[in-house]
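Have a look at the structure below, then the notes.
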Amino acid sequence: MRFGVVVFPGSNCEQDVVHAARHLGFEADYVWHGDTDLSGFDAVVLPGGFSYGDYLRCGAVARFSPVMAEVVRFAAKGGPVIGICNGFQILCEAHLLPGALLRNRGLKFICREVSLRVEDSVCQWVDLPAGSVVRIPINHNEGNFICDPEVLKSLKEGGRIVLRYCDEDGVVDLDAAPNGALDAIAGVCNETGNVFGLMPHPERAVDPVTGRTDGAAFFGAIAGRVAALAG
Amino acid sequence: MARYVVYVTYKTGIFDPPGATAQRALVNMGYCEVGDVRIGKYITLDVAEGTSEDRVRAMCEKLLANPVIEDFRIEKAEG
Amino acid sequence: MARYVVYVTYKTGIFDPPGATAQRALVNMGYCEVGDVRIGKYITLDVAEGTSEDRVRAMCEKLLANPVIEDFRIEKAEG
Amino acid sequence: MSQPLETPAPDLSEELAPQLAVELGLRPDEYARVVEVLGRTPTVTELYMYSLMWSEHCSYKHSRKALRMFPNDGPHVLQGPGENAGVISVGDGYAVAFKMESHNHPSAIEPYQGAATGVGGIIRDIFTMGARPIASLDSLRFGTLDDPRQRYLFEGAVAGIGGYGNCIGVPTVGGEVYFEEAYAGNCLINAMSIGLLREENLTRAVAAGPGNHVLLIGSTTGRDGIGGASVLASQEFDEKAEDKRPSVQVGDPFEEKLLIEACLELLDKGLLVALGDCGAAGLTSSISEMASRGEVGVDIDVTAVPQREEGMRPFEVMVSESQERMVAVVTPGNLEAAHAVCGKWGLRSTVIGRVTDSGRFVVREGDRVVGDMPAASLAHDAPVYDPEMRRPAYLDEAHALDIGALAHPTDQGTLGETLLTLLASPNICSRRWIWEQYDHQVRLGTVILPGHDAAVIRIGAGTRGIAASADCNGRYCYLDPYVGAQIAFAEAARNVACAGGRPAAITDCLNFGNPEKPEVFWTFHEAVRGLADACRAFGVPVISGNVSFYNESFGQAIHPTPTVGLVGLVDDVTRAPGMAFREAGDVIVLVGETGDELGGSEYLKVLHGLVGGRPPSLDLELERDVQEVVLEAIDAGLVRSAHDCSEGGMAVALAECCVAGGIGADVHLEGELPSHAAMFSETQSRVVVTLAESDVERFEQMCVGRQVPYAVAGTVGGDSLALCGMCEVPLPLLSRAYEDTLERLVHGDPPVPEEMRAG
Ligand SMILES: Nc1ncnc2c1ncn2[C@@H]1O[C@H](COP(=O)(O)OP(=O)(O)O)[C@@H](O)[C@H]1O
Ligand SMILES: [Mg+2]
């Protein structure tokens with residue numbers, strides 16, 4: 001299993017993702033935003049950070065990096081793509097995922113571990129039973145997910161809402177997301193479930209020395225999926 | 001050099017956190033007459049003489065505005 | 001309800017990183033005709049009929065603009 | 001000193017020059033010295049360059065002598081003061097570089113940008129040494145939060161520190177903040193940064209090799225911050241501050257992030273002879289310091305410098321404090337490759353001059369020479385003063401306060417309420433509201449997060465790490481700068497010890513008023529003496545630091561605030577206990593002994609509105625032994641939790657352990673002291689430790705072995721904090737008082753109404 005972790009100017013979690021993947025026994029290497037070759041990678045990660053300073057709009061400039069055209073092709077062929085935090089914002093700007101991420105409701109950056117409820121979804125990056133609760137840190141200023149009502153409807157019907165913010169017991173208050181996200185949505189995927197965007201940082205919850213390990217499941221799920229396909 | 005001015009605003013129905021917070025702050029400061037506050041972008045572009053408005057529109061659609069949440073308006077500034 | 005429009009821009013000489021970044025991005029995207037880009041705020045304020053421009057100016061000085069680094073201009077919107 | 005090659009065309013009359021000199025902050029005698037050094041009337045460019053380089057901020061002319069009291073050497077020290085940052089070895093071939101710096105005056109004008117550019121500046125000092133920044137801390141002081149202006153400064157500064165640090169991917173893992181009237185007119189924003197490097201990659205800003213290129217990397221040069229060094233940082237603050245607004249600088253963290261990556265890659269590939277950052281006094285300071293350290297000359301052409309604005313004069317280019325710029329020295333052979341690395345990261349890189357063997361700093365505009373000075377004279381010939389000092393009269397008055405004569409709570413009800421009042425004091429309550437706005441986890445190294453005594457950061461893949469804490473109680477320093485400074489050191493060391501760290505070295509940021517006032521300078525001298533003695537007693541060197549004088553407004557000086565930033569070495573980060581009580585049944589041992597020491601206490605301030613008496617005394621040997629016991633026990637794997645006792649006393653320390661652990665405790669505070677003293681006295685050298693019952697005996701032996709007083713005082717458990725015979729307070733009340741206060745004080749914002757949301 002080999003993860004390709006894209007490095008945009010201003011990315012700052014790429015080393016963390018590579019460390020986490022390798023810690024879990026997978027291969028992981030960097031992909032420069034100017035490169036256009038994703039061959040040899042089983043999954044692509046758009047890591048967190050502040051690509052192009054998050055100036056203008058988060059992800060707005062990174063979306064035009066040469067590598068993104070290739071990421072679009074990779075995703076179209078069913079290749080697994082995950083966008084974490086800034087990566088999620090880039091996927092939305094690139095229209096690989098619906099909606100957009102606005103300033104947090106309180107206008108404050110939030111770095112905190114949160115509880116997330118795994119929803120019943122088609123997402124290939126998750127193999128935890130629906131309803132399970134994971135604890136993973138969030139770390140963003142623009143995680144306030146929004147989309148228009150029709151899109152929300154299609155997300156619900158298509159099983160494309162992957163994670164929701166909840167309390168320790170897994171209870172979701174649709175209006176109580178720490179960042180104000182619509183329907184407390186923390187992560188969504190595309191129709192086919194191979195493209196996944198989430199605000200929380202699974203790579204920060206992998207190594208027991210620095211806290212919990214709930215984030216490992218996402219790396220494991222997709223690796224299992226890839227191995228299965230490889231037969 | 002010619003100058004274009006681009007106004008980028010949230011689509012109606014899109015919640016604008018900075019605007020909402022500014023509105024609350026103003027009311028708390030005693031400006032109770034304030035209703036809705038919306039905060040958009042005011043972008044000035046200096047471009048080579050003869051750059052067409054269509055070029056500028058393309059820049060807006062591609063980069064300066066996000067059609068999912070934003071509308072934009074272009075004006076040619078008087079030189 | 002009456003509407004005022006406020007334009008907030010960086011004072012001249014104040015560096016505008018977002019503007020500079022947008023400029024570079026546009027050039028990289030092939031819009032080589034783009035020179036300077038500055039990004040300011042475009043604020044629409046809905047206020048009770050009869051609110052004076054002076055009140056609005058006070059709101060700008062106190063909250064909507066940062067007089068240390070920003071200038072602002074107020075316009076009364078028609079309608 | 002070789003003769004000038006070309007003398008610049010004079011552009012100042014002998015009458016005008018001295019006047020401009022005064023305007024720029026040079027004293028008449030200093031101006032005379034410039035004329036003497038040059039052997040002629042200086043040009044405008046030269047005068048600007050000297051006035052900045054010889055300003056207090058750049059030359060340390062008032063503090064230099066006193067700073068010689070600090071010990072600078074130690075077994076781990078690879079680089080002491082004098083470079084952009086100090087460096088110590090931490091084992092396995094790793095080293096850490098760290099330094100603390102103030103950005104007080106810019107922040108008082110524009111808190112967000114002032115604090116943000118403060119972080120940017122200290123970060124550049126770190127990667128200039130070849131180190132990758134891995135952690136930051138911030139030490140903040142404001143007036144009290146009932147004043148809207150203070151709330152604005154506080155919110156803005158925190159947002160700025162987060163906005164910058166979060167963007168460049170350096171975790172902000174700790175710090176401190178106090179709210180005190182003394183800082184109302186002059187907030188303090190001190191930022192500390194820590195970087196990691198391989199020992200062999202240690203780089204110094206020493207120019208060499210006549211014929212080599214001087215390369216400017218990063219942002220364009222504008223008029224921002226012109227004269228910042230002298231005008232902003234070296235003059236008292238008063239109504240004139242308003243006029244100084246234009247010199248505010250806007251930070252560009254994205255450019256800085258690219259600079260970090262590009263510079264570390266350049267150094268990694270061995271493409272640079274030297275690297276320096278543009279801080280105060282911009283190109284002038286970075287280039288003159290590099291040149292004089294290397295005993296070479298430089299020849300700079302201002303027209304080669306990429307400029308942000310039209311028609312900038314040569315002096316403006318030379319002293320501009322535009323942010324996010326680095327200066328490198330590159331051999332002709334490596335120039336191509338260096339440009340390539342910068343280009344890859346989307347950074348400008350421009351040759352703006354070359355190294356010469358003349359020892360002179362030549363500035364030209366095209367082929368016109370506008371300045372020609374001995375490079376060393378800018379960097380090192382600034383006058384050194386021996387300011388007059390006088391013990392301030394206020395001290396006797398303050399010490400005379402008879403605390404015993406005050407009305408103190410005695411019954412359980414009021415003692416409990418007093419505990420809650422103290423927990424909710426802005427100087428004690430949880431700082432969660434601050435550090436949740438900071439990315440404190442990026443880089444996956446943060447083992448002990450903010451909220452405990454010291455942050456612990458893992459180094460490399462193993463279990464090795466460092467612990468860091470920034471501390472200073474300005475009230476103690478106001479009442480006794482000598483003892484106060486020692487306590488700042490002791491508390492930082494104690495915080496680090498509670499996290500399993502052995503103190504290795506410190507940096508400092510000495511914030512004081514106007515040194516030309518004998519009373520102010522006395523407090524400065526006493527503080528330096530105290531800090532130096534404490535460092536010696538612990539065998540801990542000072543490897544870097546910063547002095548910020550003229551922290552006054554309308555003639556009123558701040559409390560003397562010698563902030564200490566201490567870094568300790570942790571052998572096994574997995575043993576770092578943290579302060580949270582863990583399991584019911586764990587035994588609580590109080591290490592150290594409580595005295596009746598309420599002078600300068602938070603209790604005295606909050607309950608009686610008084611700042612007076614004498615600060616707690618400090619026995620450095622006892623302090624060291626207490627910390628040794630704690631460290632020995634942590635190394636032995638005995639310690640379940642450890643928390644040092646500071647502001648608010650033992651009752652507050654115990655409450656903090658309960659709140660952090662979400663569990664109560666039953667404690668008996670023995671001794672003859674009256675309840676309020678037993679609970680709230682701020683006696684030093686005390687630590688709250690919890691252990692499994694089976695380990696208590698071993699721990700007691702460790703205490704006895706070092707003759708450290710201790711008391712087995714109670715057990716963890718239940719849902720309230722019960723202080724036998726004094727008070728019992730339910731956990732939820734403790735939590736609410738401790739957790740919610742800061743956010744409530746800053747903005748009791750109502751939640752956003754439903755109808756304002758999308759969908
Ligand atoms: N300005 C700040 N920025 C980041 N963390 C802070 C700040 N102020 C306090 N903290 C964190 O809050 C916790 C408590 O701070 P403090 O009361 O100063 O601890 P102590 O009394 O042990 O020095 C520490 O972990 C500290 O790092
Ligand atoms: Mg402590």
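Remember, it's a predicted structure, so these values are computed and weren't measured experimentally. Only this structure's heavy atoms are used, side chains among them; waters, hydrogens and symmetry mates stay out.
- Considering only heavy-atom pairs separated by less than 4.5 Å from chain C, the leading option among B:M59, B:K62, B:K41 is B:M59.
- Using a 4.5 Å cut-off between heavy atoms, B:A58 contacts chain C through both its backbone and its side chain.
- The two residues C:L64 and B:A22 make their nearest non-hydrogen contact at CD2-CB, 4.2 Å.
- Chain C forms more heavy-atom pairs under 4.5 Å with one residue of B:T9, B:V8, B:I43 than with any other, namely B:I43.
- The distance from atom OH of C:Y42 to atom CZ of B:F72, rounded to the nearest 0.5 Å, is 14.5 Å.
- Atom CG of C:L26 is separated from atom CG of B:L63 by 5.0 Å, given to the nearest 0.5 angstrom.
- With a 4.5 Å cut-off on non-hydrogen atoms, C:T44 touches chain B through its backbone and its side chain both.
- For B:R55, the parts lying under 4.5 angstrom from a heavy atom of chain C are both the backbone and the side chain.
- Contact between B:M1 and C:E33 at its shortest, heavy atoms only, is CE-O, 4.4 Å.
- Between C:V34 and B:L45 there is a side-chain heavy-atom pair separated by less than 4.5 Å.
- Of the atoms belonging to B:Y31, heavy atoms from both backbone and side chain fall under 4.5 Å from chain C.
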